[in-house]
Asks: 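Have a look at this one.
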Amino acid sequence: MAEAAHGGHEEHTDAVRDLSDSESISAAAPAEVGLRFEVDGEIATVTLNRPEKRNAQTFATWSALARMGETLPDRVRVVVIRGEGPSFSAGIDLRMFTPEGVPGQGSFATAAALDDGAFERRIAEAQRGFLWLRRPDIVSIAAVQGHAIGAGFQLALACDLRVVADDVQFCMKEPALGLVPDLTGTKPLADIVGVPRAIEMCLTARSVGAAEALQLGLAEMAVRREELDQAVQDLAAALLATDRAAATATKRLLQAAPGRTLEDQAAAERAEQAARIRALFASS
Ligand code: ACO
């Protein structure tokens, strides 16, 4: 039975505040920022739950995501990120571009007035909401239907794996709006599709559908819309069938592989395997 995990969040409920003279947004309770967080055994599910606004995201969304990462129960091994309604996420809340901004969170105009250090800290805080999804001891899966635009695309890219519905439309819209993608999405995008294709996709802001996403490696699996949740559950079950320590060590090795020489990677394999075999056979 799924349990709603609100425990560690309550003390932060009133902490979202006006940013006109500050750079940071403290984490609010998930429901207050349009998120749902549920834990069912070893699987945690984060649902973007503002379907009437196509799950548009704010700085408060990212602070709450970061808090979920910090307070993730130890037993969780798989984290699913999904969106309620027709779209996974239409990206950043466009009110950020207006003079009024998002109530309690300011606007890009107020952010522009921050000094360099404050600006840096504010973006770093937003990025924290995405970076924990790469932790080696968990596997993160984005279940993506409909539009995944800008911050929505980057949230999907922040996950280890992407399962998409046949109506998916990935679009990196930031450059078309005068911005850069800064929610940790540029590296996974370039790593997955290559720098030339990433340049073409980002600078044209074109949409990438399910067939192309599969072909480019942006999705591990594409299924019919009505099969998305089941496909993700099946994938999670298959991942959970593998020993946790072995899965963690293997993910750690694979993540580091592109940045290492063959010799260094071989040495890392030896070290991980020695630890594994000792752990498995120490007592026998
Ligand atoms: N921010 C705030 N509100 C949004 C956003 C958004 N990013 N996207 C959609 N909404 C709201 C709409 O204003 C509308 O609200 P209303 O019913 O009160 O008028 C509601 O969500 C539904 O939107 P529609 O446009 O009617 O939905 P539709 O399914 O036809 O289109 C689509 C979906 C294509 C995603 C469209 O809403 C859209 O283009 N949104 C903006 C996408 C965008 O430019 N995002 C920023 C990317 S850059 C970044 O993320 C850093």
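Read the numbers this way: they start at 1 and go in the same order the structure lists the ligands and their atoms.
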Asks: Among all protein heavy atoms in this structure, tell me which lies nearest to atom 39 (O) of ligand 1, with the distance rounded to 0.1 Å.
Replies: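 Of the protein heavy atoms, Ile149 CD1, 4.4 Å lies nearest.
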Asks: Do Asp229 and Gln233 have a side chain donor and acceptor closer than 3.5 Å?
Replies: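 Per modelled atom types, Asp229 and Gln233 side chains form no pair under 3.5 Å.
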Asks: So, are Asp137 and Arg77 salt-bridged, with charged N and O less than 4.0 Å apart?
Replies: no
Asks: I'd like to know if Glu125 and Arg122 make a salt bridge, using a cut-off of under 4.0 Å between side-chain N and carboxylate O.
Replies: no
Asks: Can you check whether a protein heavy atom sits less than 4.0 angstrom from atom 8 (N) of ligand 1?
Replies: yes
Asks: Would a 4.0 Å cut-off, counted as strictly less than, catch a protein heavy atom around atom 35 (C) of ligand 1?
Replies: yes
Asks: Give the atom numbers and elements of ligand 1 that come within less than 4.0 Å of a heavy atom of Ala151.
Replies: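 What qualifies from ligand 1 is 49 (C), 50 (O).
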Asks: Taking everything shown except Arg224 itself, do over 12 heavy atoms lie less than 6.0 Å from its CZ?
Replies: no
Asks: Taking the side chain from Ser89 and the backbone from Asn55, do they hold a donor-acceptor pair closer than 3.5 Å?
Replies: yes
Asks: Would you say atom 26 (O) of ligand 1 makes contact with the protein, given that contact here means a non-hydrogen protein atom less than 4.0 Å away?
Replies: no
Asks: Any protein heavy-atom neighbour for atom 12 (C) of ligand 1 (distance below 4.0 angstrom)?
Replies: no
Asks: Out of Arg95, Arg54, Gln57, Lys53, who gets a non-hydrogen atom closest to atom 18 (O) of ligand 1?
Replies: Lys53
Asks: For the pair Gln145 (side chain) and Gly85 (backbone), establish whether a donor and an acceptor sit closer than 3.5 Å, ignoring hydrogens and angles.
Replies: yes
Asks: By number and element, which atoms of ligand 1 are closer than 4.0 Å to a non-hydrogen atom of Leu177?
Replies: 46 (C), 47 (C), 48 (S)
Asks: If hydrogens are left out, which of Gly91, Ser87, Ala90, Gly150 has an atom nearest to atom 45 (N) of ligand 1, that is, the closest non-hydrogen atom?
Replies: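 Going through Gly91, Ser87, Ala90, Gly150 one by one, Ala90 has the nearest heavy atom to atom 45 (N) of ligand 1.
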Asks: Counting both backbone and side chain atoms, is some N or O of Ile92 under 3.5 Å from an N or O of ligand 1?
Replies: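 Looking only at distances, the answer is yes, because the N/O contact criterion of under 3.5 Å is met.
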Asks: Students should be able to answer this: which protein heavy-atom is nearest to atom 1 (N) of ligand 1, and at what distance?
Replies: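 Closest protein heavy atom to atom 1 (N) of ligand 1: Leu94 N, 2.9 Å.
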Asks: Kindly confirm or rule out an N or O of Glu52 lying under 3.5 angstrom from an N or O of ligand 1.
Replies: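 Yes.
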Asks: Is there a protein heavy atom at a distance of less than 4.0 Å from atom 30 (O) of ligand 1?
Replies: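 Given the 4.0 Å limit, the answer for atom 30 (O) of ligand 1 is no, no protein heavy atom qualifies.
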Asks: Picking from Arg54, Arg50, Lys53, what satisfies salt bridge (charged side-chain N to carboxylate O under 4.0 Å, His left out) with Asp93?
Replies: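 It is Arg50, the one option of Arg54, Arg50, Lys53 that forms the salt bridge (charged side-chain N to carboxylate O under 4.0 Å, His left out) with Asp93.
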Asks: Scan the protein's non-hydrogen atoms and note whether one is under 4.0 Å from atom 21 (O) of ligand 1.
Replies: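 Given the 4.0 Å cut-off, atom 21 (O) of ligand 1 counts as touching protein heavy atoms.
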Asks: Ignoring hydrogens and geometry, is there a side-chain-to-backbone donor-acceptor pair from Arg135 to Gly69 under 3.5 Å?
Replies: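 Present.
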Asks: Ignoring hydrogens and geometry, is there a side-chain-to-backbone donor-acceptor pair from Glu220 to Arg162 under 3.5 Å?
Replies: yes
Asks: Atoms of ligand 1 less than 4.0 Å from Ala56 heavy atoms?
Replies: 1 (N), 2 (C), 6 (C), 7 (N)
Asks: Applying a heavy-atom cut-off of 4.0 Å, say which part of Leu183 lies close to ligand 1: side chain, backbone, both or neither.
Replies: neither
Asks: As a check for students: among Arg50, His147, Lys173, identify the option with a heavy atom nearest to atom 32 (C) of ligand 1.
Replies: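 The residue whose heavy atom sits nearest atom 32 (C) of ligand 1 is His147.
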Asks: State which residues pass salt bridge (Lys or Arg N to Asp or Glu O under 4.0 Å) with Arg36; sequence neighbours excluded, sorted by chain then number.
Replies: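 With sequence neighbours excluded, Arg36 shows a salt bridge (Lys or Arg N to Asp or Glu O under 4.0 Å) to Glu38, Glu84, given in chain and number order.
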Asks: Please check this pair: side chain of Glu269 against backbone of Leu253, looking for a donor-acceptor N/O pair closer than 3.5 Å.
Replies: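 Side chain of Glu269 to backbone of Leu253: no pair is present.
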